[in-house]
2 protein chains.
Amino acid sequence: MASTERDPEHRGGGDATTPDRIRDAAVDRFGRDGFGAGLRAVAADAGVTAGLVVHHFGSKDGLRKACDAHVLSIVRTEKTKVLTDGSALTLLTQLAGAERFAPTVRYLVRSLQAGGALAAALVDQMIADADAYLAAGVAAGVVRPSRDPAARARYLAHQNVGAMLLWFGLHPPAADHAAFREQFRRYVDQVTAPALELFAQGLLVDRSMLDDYLMYVPDPPTEGPAAAAAH
Amino acid sequence: MASTERDPEHRGGGDATTPDRIRDAAVDRFGRDGFGAGLRAVAADAGVTAGLVVHHFGSKDGLRKACDAHVLSIVRTEKTKVLTDGSALTLLTQLAGAERFAPTVRYLVRSLQAGGALAAALVDQMIADADAYLAAGVAAGVVRPSRDPAARARYLAHQNVGAMLLWFGLHPPAADHAAFREQFRRYVDQVTAPALELFAQGLLVDRSMLDDYLMYVPDPPTEGPAAAAAH
DNA sequence: GCAGCGATTGAACGAGTGTTTAATCTGATG
DNA sequence: CATCAGATTAAACACTCGTTCAATCGCTGC
């Protein structure tokens, strides 16, 4: 109220429509305080009242679905723009580096933490991206082939995303975007070296543990070319 | 109310005192529904009223602290009893296999997901355990030495715990203990083979990526014997 | 100018929360 | 038996939540 944003035409960057302003405020607020944040807080951030929020979005759940759709479209759009390795996790890292995408990434982290449809969609996409990226690496001769490529892609995606969620749960950043971006960068810094070391040299000196386990659980994962329908 | 547990002396397994019964009910309810569960729900599970809960524990936060202390003492007690590799994560897997510890493990998962003091303590303990276990493996010649053993232990603990949290967020089990234990077992089954494969053979065919990164970030992690005070 | 219509507000509602309080029940102690 | 302390309950309180509703504001078309 005290800042210079009363005139909707002269705001710093936006003649955004009111529903868009509410949605952006909701992404920001939900990302910072979690989905337990109240409608009145979101409304206050957008400079409106709680009644107007449900007038435009029907209910709190409708607002959240609009947020989900919006951030998912951002992810999909930016993925085609930015050339990365195709991994959605790498994309997240890229996005978190850009100032204006900090609320989006924060909302994504919150959403992955809470579970739900958006989280499942994101994780599925990350798994598919990792699978394709690893397969390309195998074809190029830089990644070792796996006994079960799908399981490996799933494993790596779950580990990467999950560790990030745990990290943010243990070290919650302050409310401002800069603190979140710094925390994200700190996490990447801390994780990169051990991850690369593990990827480069493994952990065990021989395969005896793996072979013992594979003997104990002898099922091959149906890696034949025509047996992929067993699901 | 309708079951045969009115007489506090003839219950199946317990002349437990009333605060203990309330605490156990809280562990169960918080583990299943999260810490947003209401005091009245906990009280109903214990067969008492909400007022009595705050009479014994002061407040909801006091109740939660009592739950934290209780499950932490269980973890510490069982760790000395069960001989595992010392990893708290392995202990979790063992505990989740025992019927009567299912609520405890479920509460631990919830607590790790929510963050807070108990989560930090658990993760710190897991990191310390992993560090010791890996060091012993290195000394025994079965684990490859690391450029930064502390960072590797932290990395592995975060990845393991985080992936488990993400898994339970994406595939929430039903309310009963059996469903939770089955979900836990399913996760372990799915994760073991790819993890062992990665540990045994790594992911990359050569060390060029790692060496490139280490050249780009040339700081050695102060692995000298007397330079550990830089924190 | 004026009817109409969506945007917007402020107040209210009902259900939920954690907590407080007065009253009752229970059992041991004098 | 009388008394006292703790356990226990039911009701009330103050608060927040999402949602609803009637009223007002501001603009557009006739």
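In what follows, chains carry the letters A, B, and so on, assigned in the order in which the sequence lines appear, proteins first and then strands, with residues in each chain numbered from 1. For clarity, every value in this text was computed on a predicted model and none was experimentally measured.
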Legend entry - Inter-residue atom distance R181(B).CZ - E99(B).CD, 0.5 Å rounding: 5.0 Å
Legend entry - From OH (Y107(B)) to CG (D28(B)), nearest 0.5 Å: 12.0 Å
Legend entry - Atom pair NE2/CZ of H177(A) and R32(A) - distance to nearest 0.5 Å: 6.0 Å
Inset, instruction - Look at the rings of H171(A) and H158(B) and say which category their plane angle falls in: under 30° parallel, 30 to 60° tilted, over 60° perpendicular. - result: perpendicular
Legend entry - Flag side-chain contact, heavy atom, 4.5 Å: V54(A) against K60(A): no
Inset, instruction - Taking the side chain as every heavy atom from C-beta outward, state whether L165(B) and L165(A) have any atom pair closer than 4.5 Å. - result: no
Legend entry - Gap between atoms CG and P, on L52(A) and dT9(C) respectively (whole Å): 6 Å
If you restrict it to nitrogen or oxygen atoms, what contacts under 3.5 Å exist between nucleotides 23-28 of chain D and the protein, and what is each distance?
none

Legend entry - nucleotides 12-24 of chain C: protein proximity per nucleotide (B base, S sugar-phosphate only, - neither; heavy atom, under 4.0 Å): B----SBBB----
Inset, instruction - May I ask you to decide if F180(B)'s main-chain N or O and R106(B)'s side chain share a donor-acceptor pair within less than 3.5 Å? - result: no
Legend entry - Heavy-atom check, side chain of Y133(A) versus side chain of T90(A), under 4.5 Å: no
Inset, instruction - To the nearest 0.5 angstrom, please state how far the CG atom of L156(B) sits from the CZ atom of R152(B). - result: 7.0 Å
Inset, instruction - Identify whether any heavy atom of H55(A) sits under 4.0 Å from a base atom; if not, whether one sits that close to sugar-phosphate; answer base, sugar-phosphate or nothing. - result: base
Legend entry - N or O in side chain of H56(A) less than 4.0 angstrom from dG6(C) OP1/OP2: no
Legend entry - Residue pair Q183(B) / W167(B), side-chain heavy-atom distance below 4.5 Å: yes
Inset, instruction - Rounded to the nearest angstrom, tell me the gap between atom CG in D20(B) and atom C1' in dA7(D). - result: 15 Å
Inset, instruction - Look at T18(A) and dA7(C) and indicate whether a side-chain polar atom (N or O) is within less than 4.0 Å of OP1 or OP2. - result: no
Inset, instruction - Check for a donor-acceptor pair, side chain of S146(B) on one end and backbone N or O of D148(B) on the other, with a separation under 3.5 Å. - result: yes
Inset, instruction - Map every base of DNA chain D to its dot-bracket character, where paired means a Watson-Crick or G-U wobble contact with both distances under 3.5 Å and | marks a partner outside the strand. - result: ||||||||||||||||||||||||||||||
